[in-house]
A.B. asks: 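Below: one structure in C-alpha cells.
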Protein chains: 2
Amino acid sequence: MLTISILVNNQATVPIAKENSVKDNNDMPGHLARRFQQIAVAVFLAEVGEAGFDLTPVQYAALATIKANPGLDQVTLAGLIAYDRTTITGVIDRLVQKGLIERRASPRDRRARELEITDEGRRTLRKITPAVESAQRIMLRGLNAREGEELMRLLRKAIAAGNELSRAPLRQTEA
Amino acid sequence: MLTISILVNNQATVPIAKENSVKDNNDMPGHLARRFQQIAVAVFLAEVGEAGFDLTPVQYAALATIKANPGLDQVTLAGLIAYDRTTITGVIDRLVQKGLIERRASPRDRRARELEITDEGRRTLRKITPAVESAQRIMLRGLNAREGEELMRLLRKAIAAGNELSRAPLRQTEA
DNA sequence: TGCTGATAGTCAGCATACTGAGCAATATCA
DNA sequence: TGATATTGCTCAGTATGCTGACTATCAGCA
C-alpha cells in the first residue's frame with residue numbers, strides 16, 4: 001500500500017492514500033473538465049476586468065451572438081451557444097440592464113422576444129475583443145501551438161458526440 | 001461576406017453572419033471548456049441518478065477525498081481538489097446533512113474542522129463507483145482510447161500551467 | 001372552427017463558484 | 001510577552017446552470 005504524506009496546517013501530518021480512490025482525480029475527465037473551465041473563467045474575468053469591463057464569459061458569448069444574428073429570439077440564441085433557456089433569461093436581463101442589448105416583443109410571435117445589440121453594446125464588443133483573445137491564449141499557455149490545436153480538436157469531437165446528453169445541446173440548425 | 005441562414009421558430013429566416021464574430025465559438029478554448037464541463041456534469045448526474053444516488057460531481061470528489069484522507073480539515077480538502085474555500089462550506093454542509101460525513105472541531109486547532117467519512121458514506125462511495133466510472137467513459141465516447149488519453153494529457157498540462165490563475169488552485173503539498 | 005399538443009418565456013428552488021468582508025484563533029517576531 | 005500578521009471558516013451578495021412547473025401563445029388537425 002503506497003502511502004505519501006502531506007502537511008496539514010503546516011503542523012501535523014496526515015497519511016494520503018492515493019490508491020484508496022478508485023482512480024486518481026487526474027484520471028477523471030470530469031474532474032479535468034471542471035478544473036479547466038474554472039481556470040478559463042478566472043482568466044477571462046481577469047483579462048476583461050483589467051481592460052476595464054465587467055462582462056462574464058457567458059454574457060460575452062451572448063452579446064457576440066446577438067450582434068452576429070440581429071433580431072434572433074431567446075430560444076434560438078440559447079441553441080446557438082448551448083445555454084439552457086432558463087439561464088438565458090437572467091443573462092439577457094443583465095445585458096439589458098447594462099444597456100448593451102434591447103429586448104422587445106416579436107411582431108411575428110407574441111410569445112417570443114427579439115434581441116438586438118445597442119450601439120453601446122457594439123462599442124463594448126469592439127473594445128473588449130483584444131482582452132478576450134488574450135484570455136484564450138493565456139488559458140492555453142502551457143501548450144505549444146500544435147498541442148493547443150489538438151486539445152481544441154479533441155474537445156470539439158468529444159463535445160459533438162455528447163451534444164445531446166446535456167439539457168442545453170447546441171442547435172446550429174442551418175437552413 | 002459569407003452568409004448562411006437558420007430557421008427561427010420554424011418560420012422565418014434570419015441571416016447568420018459567422019464572420020462577424022472575431023472568432024467562431026468553436027475556436028475559443030473557453031467556450032469548449034464550458035461545453036465539455038456542461039456535458040460532463042450532465043452525464044455524471046444521469047449515471048449516478050440511474051444508480052439510485054443523489055450526489056453531485058463536487059460532492060463525490062469531496063467524499064472520496066475525505067475517505068482517502070481521514071481527519072483532514074476543510075482548507076486541505078479544498079486544496080486537494082481545487083475548490084474555493086467558500087464553496088467547500090456548503091458542500092460539506094450537504095454531505096453532513098446526508099449523513100455521509102461528520103464534521104467536528106479539531107483538538108489541535110480550534111479554528112479548524114476535521115472531516116471524517118461515516119459508514120454510510122463508505123457504503124455510498126462503494127456502491128456509486130461503477131456509475132462514476134461509467135460516466136467518465138460516456139463523456140469520452142466520441143474519442144477512441146488513444147484520443148481520450150491524449151485529451152486528458154493535454155488538459156492536465158494546460159491545467160498545471162494555469163493552476164495559479166484561479167482563486168482555488170490545487171495544493172498537493174507533499175511533505 | 002375548436003381542441004390538443006407543442007413552444008417561448010418566466011419563475012421558484014437548489015447547487016456550484018466567485019468577491020469581499022468579517023470573526024476567532026493561531027503564528028510570528030520584536 | 002505583546003502587538004501584528006496570518007490562517008480557518010463563515011456569511012452576504014452575485015452569476016451561472018439545472019429541474020420542474022406554469023402562463024401565454026401558436027400550430028396542427030379533426
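Just so it is clear: chains get the letters A, B, ... in the order the sequence lines come, proteins before strands, and each one is counted from 1.
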A.B. asks: If the condition is side chain to side chain donor-acceptor pair (under 3.5 Å), which residues does A:Lys127 pass it with, not counting sequence neighbours?
C.D. replies: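 Checked A:Lys127 against side chain to side chain donor-acceptor pair (under 3.5 Å); zero matches.
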A.B. asks: Out of D:dC18, C:dA8, C:dT10, which has the shortest distance to the side chain of A:Ala168?
C.D. replies: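 That would be D:dC18.
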A.B. asks: Looking at D:dT25, does its base get a donor-acceptor pair with the side chain of A:Arg110 below 3.5 Å?
C.D. replies: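 Check fails, no donor-acceptor contact within cut-off.
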A.B. asks: Are any protein N/O atoms closer than 3.5 Å to N/O atoms in nucleotides 19-21 of chain C? If there are, list each pair with its distance.
C.D. replies:
{"residue": "C:dT19", "atom": "OP2", "partner": "B:Arg167", "partner atom": "NE", "Å": "3.1"}
{"residue": "C:dT19", "atom": "OP2", "partner": "B:Arg167", "partner atom": "NH1", "Å": "3.1"}
{"residue": "C:dA21", "atom": "N6", "partner": "B:Arg85", "partner atom": "NH2", "Å": "3.2"}

A.B. asks: If you check the B:Ala112 side chain, which of D:dT16, C:dT7, D:dC9 turns out closest?
C.D. replies: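 Nearest to the side-chain atoms of B:Ala112, counting from C-beta on, is D:dC9.
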A.B. asks: Considering residues at least two apart in sequence or located in another chain, which fulfil the side chain to side chain contact (heavy atoms under 4.5 Å, CB included) criterion with A:Gln97?
C.D. replies: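 Counting only residues at least two positions away or on another chain, A:Gln97 forms no side chain to side chain contact (heavy atoms under 4.5 Å, CB included).
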A.B. asks: Using OP1 and OP2 only, check whether a side-chain N or O of B:Arg103 sits under 4.0 Å from D:dG8.
C.D. replies: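 So the side-chain polar atoms of B:Arg103 never come under 4.0 Å of the phosphate oxygens OP1 or OP2 of D:dG8.
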A.B. asks: Where along residues 32-40 of chain B does a heavy atom fall under 4.0 Å from DNA chain D?
C.D. replies: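 B:Arg34, B:Gln38 - these, ordered by number, are the residues of the stretch whose heavy atoms sit under 4.0 Å from the strand.
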A.B. asks: Could you check which residues of residues 87-96 of chain A get a heavy atom under 4.0 Å from DNA chain C? Sort them by number, please.
C.D. replies: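 Heavy-atom contacts with DNA chain C come from A:Thr89.
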A.B. asks: If only atom types and distance count, is the side chain of B:Lys98 paired as donor or acceptor with the main-chain N or O of B:Asp54 below 3.5 Å?
C.D. replies: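 Yes, the answer is positive, given that a donor and an acceptor are paired below the 3.5 Å cut-off.
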A.B. asks: Between the side chain of B:Arg171 and the main-chain N/O of B:Ala82, is any donor-acceptor distance below 3.5 Å?
C.D. replies: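 No; judged by distance alone, with no hydrogens or angles, the pair does not exist.
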A.B. asks: Kindly write out the residues that satisfy side chain to side chain donor-acceptor pair (under 3.5 Å) with A:Glu102, not counting sequence neighbours, or none if the list is empty.
C.D. replies: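 A:Glu102 satisfies side chain to side chain donor-acceptor pair (under 3.5 Å) with no other residue.
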